[in-house]
2 protein chains.
Amino acid sequence: MKLTELKAIQLAELFSALSDTSRVRIISILIEGEMSVSALAEELKMTESAVSHQLRGLRQMRLVRARKSGRQVFYTLDDKHVIDLFQRGLDHVLHG
Amino acid sequence: MKLTELKAIQLAELFSALSDTSRVRIISILIEGEMSVSALAEELKMTESAVSHQLRGLRQMRLVRARKSGRQVFYTLDDKHVIDLFQRGLDHVLHG
DNA sequence: TGAATAGTTGAGCAAGTATTCATATATTAT
DNA sequence: ATAATATATGAATACTTGCTCAACTATTCA
C-alpha cells in the first residue's frame with residue numbers, strides 16, 4: 001500500500017486519539033450528549049484537572065467542541081468520522 | 001454509554017495497536033501480502049530488531065501471524081476487524 | 001564442524017504522556 | 001469589593017513506549 005510518511009503519521013495520530021482509557025471513557029459518555037467538565041469528572045472519578053487536560057487534547061484534535069455557559073463549559077463530540085471509528089472498535093470489543 | 005472499566009481498557013488497547021507510525025507502516029505493507037522480517041526492515045528503513053520488537057507486539061495483539069520457512073519468518077495480517085478499522089481510518093485521513 | 005544468515009530477546013536509554021498539585025482566570029453570588 | 005465556584009494551565013512526577021545495542025537461538029551453507 002506504500003503510505004507516505006506523512007499519511008502514516010496522520011493515521012497514527014488519529015488512532016492515538018482513542019488509545020487512552022480516560023479519553024475512551026470521556027467519549028463514551030459524550031456520545032449520550034453534552035456534559036460539563038465537573039460532571040464528567042464526577043462520572044469518571046477523576047480530578048477536574050485531569051479531565052480538563054484530556055479535554056484540551058481532544059479539543060486540539062478537533063474531537064470535541066466546547067460551549068461556555070456562565071462559569072461552566074459543556075463539551076460535545078465534534079468529529080463524526082472518529083466517533084464512527086469508536087463505535088466500530090466498540091463493536092469489535094463487545095462481540096468478537 | 002457507560003462502558004465498564006474493562007471494556008474501556010480493551011477499546012483503548014485496540015486503538016493503541018494502530019497508534020504508532022511504525023506499526024501503521026508495517027500494516028500498510030502487509031496489506032499487500034506476507035513479507036519477511038528483513039524485507040520489512042529494508043522497506044521501512046528500520047533495523048530488523050526494531051521491526052521484530054514491533055512485530056512481537058502485533059503478534060501479542062493477534063494482529064499478525066508468523067509463518068516460519070527455513071530461517072526466515074513471514075508475517076501476514078491476522079485480524080480482519082482491525083484491518084477494517086485501519087482502512088476506515090485511512091479513508092478519513094486520505095479524503096476528509 | 002564452523003561460519004554465515006535470519007530472527008528474537010532483554011537491558012538500558014530517551015522521549016512522550018497522564019496525572020497531581022499549585023496557581024491563575026473568569027464568572028456569579030453576597 | 002470579597003468570596004465562592006468552574007475551569008484552565010504550567011511544572012513536576014511517575015509511568016509508558018520505541019529504539020539501539022549486545023547477546024542469544026535456529027537454520028543453512030561450505
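These values consider heavy atoms only, across backbone and side chains, with no hydrogens, waters or symmetry-generated copies. Letters go in sequence order (proteins before strands), and every chain restarts at 1. All of these numbers come straight from a predicted model, not from anything done at the bench.
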The reported gap from CG in Leu55(A) to CD1 in Ile26(A) (rounded to nearest 0.5 angstrom) is 5.0 Å
Rounded to the nearest 0.5 Å, how far does NE2 of His92(A) lie from CG of Leu85(B)?
-> 7.5 Å
Under 4.0 Å between a side-chain N/O of Thr47(A) and OP1 or OP2 of dT20(C), yes or no?
-> yes
Atom-pair distance (CZ on Arg67(B); P on dT8(C)), nearest Å = 13 Å
Mark yes when over 12 heavy atoms from residues, nucleotides or ligands other than Arg67(A) sit less than 6.0 Å from its CZ; otherwise mark no.
-> yes
Check: Thr4(B) side chain, Lys7(B) main-chain N or O, donor-acceptor pair, under 3.5 Å = yes
Check if the side chain of His53(B) and the base of dG7(C) share a donor-acceptor pair of N or O atoms closer than 3.5 Å.
-> no
For Lys45(A) and dT19(C), what is the distance between atoms NZ and P respectively, to the nearest whole Å?
-> 16 Å
When the rotation axes relating C1' atoms of four end pairs to the next four are compared across the helix from dT1(C)-dA30(D) to dT30(C)-dA1(D), five pairs an end, they differ to 10° by 10°
Which of dT19(C), dT9(C), dT7(D) is nearest the side chain of Met46(A)? It is dT19(C)
Taking Ser52(A) for its side chain and Ser49(A) for its backbone only, find out whether a donor-acceptor pair lies under 3.5 Å.
-> no
Using atom CG of Leu58(A) as one end and atom C1' of dA8(D) as the other, report the distance to the nearest whole Å.
-> 15 Å
Answer yes when Lys80(A) and Asp84(A) have at least one side-chain N-carboxylate O distance shorter than 4.0 Å, and no when they do not.
-> no
dA6(D) OP1/OP2 closer than 4.0 Å to side-chain N/O of Tyr75(A) | no
Protein proximity profile, nucleotides 25-30 of chain D - base contact B, sugar-phosphate-only contact S, no contact -, cut-off 4.0 Å on heavy atoms = -SBBS-
When rounded to the nearest 0.5 Å, the distance separating CG of Leu90(B) from CD1 of Ile27(B) is 11.5 Å
Give one of base, sugar-phosphate or nothing for Gln72(A), where a contact means two heavy atoms less than 4.0 Å apart.
-> sugar-phosphate
Phosphate OP1/OP2 of dT17(C): any Arg23(A) side-chain N/O under 4.0 Å = no
Just checking Ser38(A): base, sugar-phosphate only, or nothing, at a heavy-atom cut-off of under 4.0 Å?
-> sugar-phosphate
Does a side-chain N-to-carboxylate-O contact under 4.0 Å join Glu43(A) and Arg25(A)?
-> no
Could you check which of dT20(C), dA6(C), dA8(D) has an atom nearest any side-chain atom of Ser49(A)?
-> dT20(C)
What's the CZ-C1' distance between Phe74(A) and dA8(D), to the nearest Å?
-> 16 Å
Can you tell me how far C1' of dT17(D) sits from CD of Glu13(B), to the nearest Å?
-> 14 Å
Please check the phosphate of dG10(D) (OP1 and OP2 only) for any side-chain N or O of Arg56(A) closer than 4.0 Å.
-> yes
Can you tell me how far OH of Tyr75(A) sits from CZ of Arg59(A), rounded to the nearest 0.5 angstrom?
-> 3.5 Å
